[in-house]
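Below is one structure; the comments refer to it alone.
Positions are given from 1 along the sequence. All ligand and atom numbering here is 1-based and tracks the order in the structure.
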Amino acid sequence: MSAETIKVDWEVTRYEVAEVEGIPLTKKMCDRWDKVWAFQAKPDDLLISTYAKAGTTWTQEIVDMIQHDGDTEICKRASTYERQPFIEWVLHETLTPGWEQAEAMPSPRTLKTHLPVQLVPPSFWEQNCKIIYVARNAKDNVVSYYHFHRMNQVLPEPGTWEEFLENYMAGKVLWGSWYDHVKGWWKAKDHHRILYLFYEDIKENPRREIQKILQFMEKDLEKDILDKIIHYTQFEVMKENPMANYTSLPPEILNHEISPFMRKGAVGDWKNYFTVAQNERFDEDYKKKMAGASLTFRTEL
Ligand code: A3P
């Protein structure tokens, strides 16, 4: 695989935000949205879709391990973002955007997106691609997203925790409303080949959830290989894996000293951030936004 070494020879500034059909995305993505929308999926593509910070990288590593029968050396051939292109992402004009990385890749391809279901390039539906969607409870998701905005020097300034939480509840963050995202994909799973998983379930019982992924991918693995995948993809191990922990990106872009990408990997960390008042307000608003949805999340294990 031809890994493109990312060197920062430009002035790193936080991205401007624009919108596509009312969904906030970086202006760099919006400016080239026609390319994203025209992306040509192939029938054997596997798409990993998530709201940002829901456990994308974790799922990507599990899938790569499955595809390579638990061969850790092969899975260390390149960084997560090189192995599985992030289709809508444009880091900088001088670098290959996600959709072009995907185009240059031989099949079968595994791709990543954070797009809400209505913005997924139509060819994924036309080609009836398999999609793994992972959702994480809103409270842990927002805490993780806040810290990611602090450490990722190209994302918009998060402001204070209080401000970020307000923006998140209002859907005024990149990739839009968490509530609409998880609900939109939940509905879509009834009509498309979508495996809908929860971060909390994987954390609670990785064996059971990885088995669901295996079945969905129509793969069968020996028990010792499954054991190896469970071990290799646990938080403490992935945190030390330079090909999975995002330390291969230059510190000008991701500053792990502010907050590591592999931060806590836990369920329930939100309790360390939400005040009692914030929690009450959040719960009240949550009920309204999620009313009628047959979708439930666990905020603790
Ligand atoms: P925290 O910030 O709560 O620690 P994404 O890959 O979608 O950006 O999600 C990142 C979040 O998933 C981070 O959450 C990160 O620590 C967590 N994560 C990554 N690998 C994990 C693993 N193997 N087990 C549990 N959580 C993991």
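Thr110 and Gln67 are linked by a side-chain donor-acceptor pair at a separation below 3.5 angstrom, with hydrogens and angles left out of the test. For the 3.5 Å distance criterion, the side chains of Gln278 and Trp161 qualify, holding a donor opposite an acceptor.
Relative to the ring axis of Phe148, Lys53 places its NZ or CZ within 45° and under 6.0 Å from the centre. The cationic group of Lys189 lies under 6.0 Å from the six-membered ring centre of Trp186 and within 45° of the ring axis, placing it in a cation-pi geometry.
The environment of Lys35 atom NZ is sparse: at most 12 non-hydrogen atoms of other residues, nucleotides or ligands sit within 6.0 angstrom.
Within 4.0 Å of ligand 1, protein heavy atoms belong to Lys53, Ala54, Gly55, Thr56, Thr57, Trp58, Arg136, Ser144, Tyr199, Thr233, Gln234, Phe235, Met238, Phe261, Met262, Arg263, Lys264, Gly265, listed by chain and number.
For His192 and Tyr133, the gap between ring centers reaches or exceeds 6.0 Å.
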